[in-house]
S.K.: 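Dropping the structure in here first, questions after.
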Amino acid sequence: MTWGKASPVLVVAVIFDLARNFFEWFWLFGPALFAVGCTAGMNSYIGTTITQLSGKAVAVGCMALAGVAGYFGVEVTEGFGIMMAAFVGFTGFLTLLLLISMTNSRLFKVNPRGMFSFVGSFGVCEVPFVGAIPAFSISLYLLYRRQIKIEKAALKAWKKEQEENKQNERAGQITEFIQMRDAQLAYGEI
């Protein structure tokens, strides 16, 4: 295993961690997205831009409206964010498990406790507010790092063993050649 082969799975893990973080912090990002959407929509309806004074007034009004809506609607946005973060975490767990099984099934064989680590990262993801920790990315990075280290050492030992086998084979061939030549010399064939 190399980092190049591991990087697609790690990129998917980072994407799922970022999506989960977005929903974990939805009580903050929800009103902010509302303010941006309100500003863009109202400015396009009025026919102005944010660089003009009327566009800036619309932006200030939308931010105030989003702030009030965020303050009074925090229970709704927080609950929605937690539910969506749990859904994204579960979907990410299943997706990453499928990707790992399709691309690198040795990951859990090389790391005997790797499956426990991966399932533990899923458990961390499902805890509200603690799930903001990028558990999938951290867990998979550590698992891949260990696998790459173990497989590099195994490859180095295999190459050393192959080189020793070649040297032993060459020595055996040389010894055999010398014995054949000595036998031919003894019978006077040369």
S.K.: Find out whether Leu142 and Asn111 are in side-chain contact, i.e. whether some heavy atom of one side chain is under 4.5 Å from a heavy atom of the other.
M.R.: no
S.K.: Report yes or no: do Val68 and Met42 belong to one cluster of Ile/Leu/Val/Met/Phe/Trp/Tyr joined by side chain heavy-atom distances under 4.5 Å?
M.R.: no
S.K.: How close do Ile50 and Ala59 get, heavy atom to heavy atom, and via which atoms?
M.R.: CD1-CB, 3.3 Å
S.K.: Give, for atom OG1 of Thr48 and atom NZ of Lys56, the distance between the pair rounded to the nearest 0.5 Å.
M.R.: 10.0 Å
S.K.: Check whether any side-chain heavy atom of Thr103 sits under 4.5 Å from a side-chain heavy atom of Lys5, and report yes or no.
M.R.: no
S.K.: Between Tyr144 and Asn104, is any pair of side-chain heavy atoms under 4.5 Å apart?
M.R.: yes
S.K.: Would Trp25 end up clustered with Leu33 when hydrophobic side chains under 4.5 Å apart are linked, directly or stepwise?
M.R.: yes
S.K.: Under a 4.5 Å side-chain heavy-atom rule over Ile, Leu, Val, Met, Phe, Trp and Tyr, are Leu28 and Val88 clustered together?
M.R.: yes
S.K.: Classify the ring geometry between Phe80 and Phe23 as parallel (under 30°), tilted (30 to 60°) or perpendicular (over 60°).
M.R.: perpendicular
S.K.: Do the non-hydrogen side-chain atoms of Cys125 and Phe93 ever get within less than 4.5 Å of each other?
M.R.: no
S.K.: Any non-hydrogen side-chain atom of Ile82 less than 4.5 Å from a side-chain atom of Phe26?
M.R.: no
S.K.: Please tell me whether Trp27 and Tyr71 form a close aromatic pair, meaning their ring centres lie under 6.0 Å apart.
M.R.: no
S.K.: Within this structure, what is the CZ-OG1 distance for the pair Phe34 and Thr77, rounded to the nearest 0.5 Å?
M.R.: 12.5 Å
S.K.: Classify the angle between the aromatic ring planes of Phe122 and Phe90 as parallel (below 30°), tilted (30 to 60°) or perpendicular (above 60°).
M.R.: tilted
S.K.: Should we count CD of Gln167 as having more than 12 external heavy atoms under 6.0 Å?
M.R.: yes
S.K.: Which pairs would a plain distance check flag for residues 6-18, meaning a side-chain donor or acceptor within less than 3.5 Å of a matching protein atom at least two apart in sequence or in another chain?
M.R.:
unit_1: Ser7; atom_1: OG; unit_2: Gly4; atom_2: O; d: 3.0
unit_1: Asp17; atom_1: OD1; unit_2: Arg20; atom_2: NH1; d: 2.5
unit_1: Asp17; atom_1: OD2; unit_2: Ser137; atom_2: N; d: 2.8
unit_1: Asp17; atom_1: OD2; unit_2: Ser137; atom_2: OG; d: 2.5

S.K.: Compare every heavy atom of Phe108 with every heavy atom of Met115, then report the nearest pair and how far apart it is.
M.R.: N-CD2, 3.5 Å
S.K.: Does the side chain of Lys160 come within less than 4.5 Å of Glu164's, by heavy atoms?
M.R.: yes
S.K.: Check step by step if side chain to side chain contact (heavy atoms under 4.5 Å, CB included) holds for Leu107 and Leu140.
M.R.: CA-CA 9 Å; Leu107 182 67; Leu140 287 176; 4.3 Å; yes
S.K.: Find out if a path of hydrophobic residues (ILVMFWY) with successive side-chain heavy-atom gaps under 4.5 Å connects Met84 to Phe29.
M.R.: yes
S.K.: Quick check: closest heavy atoms across Ala85 and Glu24, and the distance to 0.1 Å?
M.R.: CB-OE2, 3.6 Å
S.K.: Can you give me the closest heavy-atom contact between Ala35 and Cys62, atom names plus distance?
M.R.: O-CB, 3.9 Å
S.K.: For Glu126, what residues pass the salt bridge (Lys or Arg N to Asp or Glu O under 4.0 Å) criterion, not counting sequence neighbours?
M.R.: none
S.K.: Between Tyr141 and Phe116, is there shared hydrophobic-cluster membership here, with clusters defined by ILVMFWY side-chain heavy atoms closer than 4.5 Å?
M.R.: no
